[in-house]
Amino acid sequence: MARHRTPLIAANWKMHGDAAGVQRYLEELLPAVEDRPVEVVVCPPFTLLPAAVMIAAGSRIAIGGQNCHWEERGAFTGEIAPAMLVELGARWAIVGHSERRQHFGETDASTAARARAAQGAGLSVMFCLGETLEQREAGATFTVLERQSAALAGLDPTLLAVAYEPVWAIGTGRNATPEQAQEAHAYLRGRAAAVFGAVPASRLRILYGGSVKPDNAAALLGQDDVDGALVGGASLDVAAFSAIIRCAPG
Ligand code: PGA
C-alpha cells in the first residue's frame, strides 16, 4: 500500500544525558540521518535543548521538549511555557506521556490543554496515549483509546503526531506485537478521520512507542499504519537509535 507519510523516528531521553554526551551523540547521529527519507526528532531534557539545537542546526534532526505548560507564563514552578521552547529553537513537544500521566497527575484535560498551547505557539506535538496492562486484559483498550483520543478534537493535524504507547510496553522490554500495534493504529486513524476528516487523517503520522529496539523496529515500522517510532531506552545509545532509523521504510 502506498504511503504518503514520511516516517518520523523520535528519541525521548527522559531524565538522562549531559552536555558532553549531547555533543557526541548528535555528531554521531548526523551521518545516520543524511540522505534518509525520514524525519528525526531528539527530545533531551530541557537543560540540553540549547546545545542540542546548536549542534543540530541546519541538519535534518529537529529538537523537541518532553513537556510544556498550557499557560504563556505565570506562577507554575518547575514548568516550561511553549514560547520558551520555541525561543530555544525546539520545534516539537511531547505531550501526555504515560509517565506524566502516571507520576505527575496529568489528565486528559491537562494533556489536551498542553497540546493546544504548544500548537498555538507553533510547536508540533507528539501526543502520547495508550492503555495499561489491566485495561488491555479487561478488554478495554479501545475504550481507553477512544477517551484519550477525544483530546485530538481541538488540535491542528498538520502540527501533530499521535504516539500510541501501550503502558505495559514502556521500558519493560515487552513490545506490542506488530499486529497489536497495527490494530491500535488503525483504530486511532479511524478516530482521527472522525475528528479531522478522511484526508487529513490519512496524512497524520501515528507513531508506536514501547520497547522499540533495533531487532523489532523493522517489523513494527513495516505495518501499514505505523508511521514511525517514539523510542525511549534504546534512543540513549546512538548506535541503537541509528539502527532503528535505518529500519524505517524509505
Ligand atoms: P521505551 O520508552 O522505548 O524505553 O519503552 C518509550 C517511551 O517512553 O516513549
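Both counts, for ligands and for their atoms, begin at 1 and track the order of listing. Remember, it's a predicted structure, so these values are computed and weren't measured experimentally.
Ordered by chain and residue number, the residues placing a heavy atom less than 4.0 Å from ligand 1 are Asn12, Lys14, His97, Glu165, Ala169, Ile170, Gly171, Gly210, Ser211, Leu230, Val231, Gly232, Gly233.
In this pair, Trp13 and Tyr25 present their aromatic rings perpendicular. The plane angle is above 60°, beyond the 30 to 60° band.
Heavy atoms from other residues, nucleotides or ligands lying under 6.0 Å from CD of Gln102 number more than 12. Around atom CZ of Arg203, no more than 12 heavy atoms belonging to other residues, nucleotides or ligands sit under 6.0 Å away.
Of all the heavy atoms in Ala151 and Asp108, the pair that sits closest is CB-O, 4.4 Å.
Here the straight-line distance linking atom CG of Leu49 with atom CE of Met54 works out to 13.0 Å at 0.5 Å rounding.
Taking the side chain as every heavy atom from C-beta outward, Arg36 and Ile9 never approach each other to under 4.5 Å.
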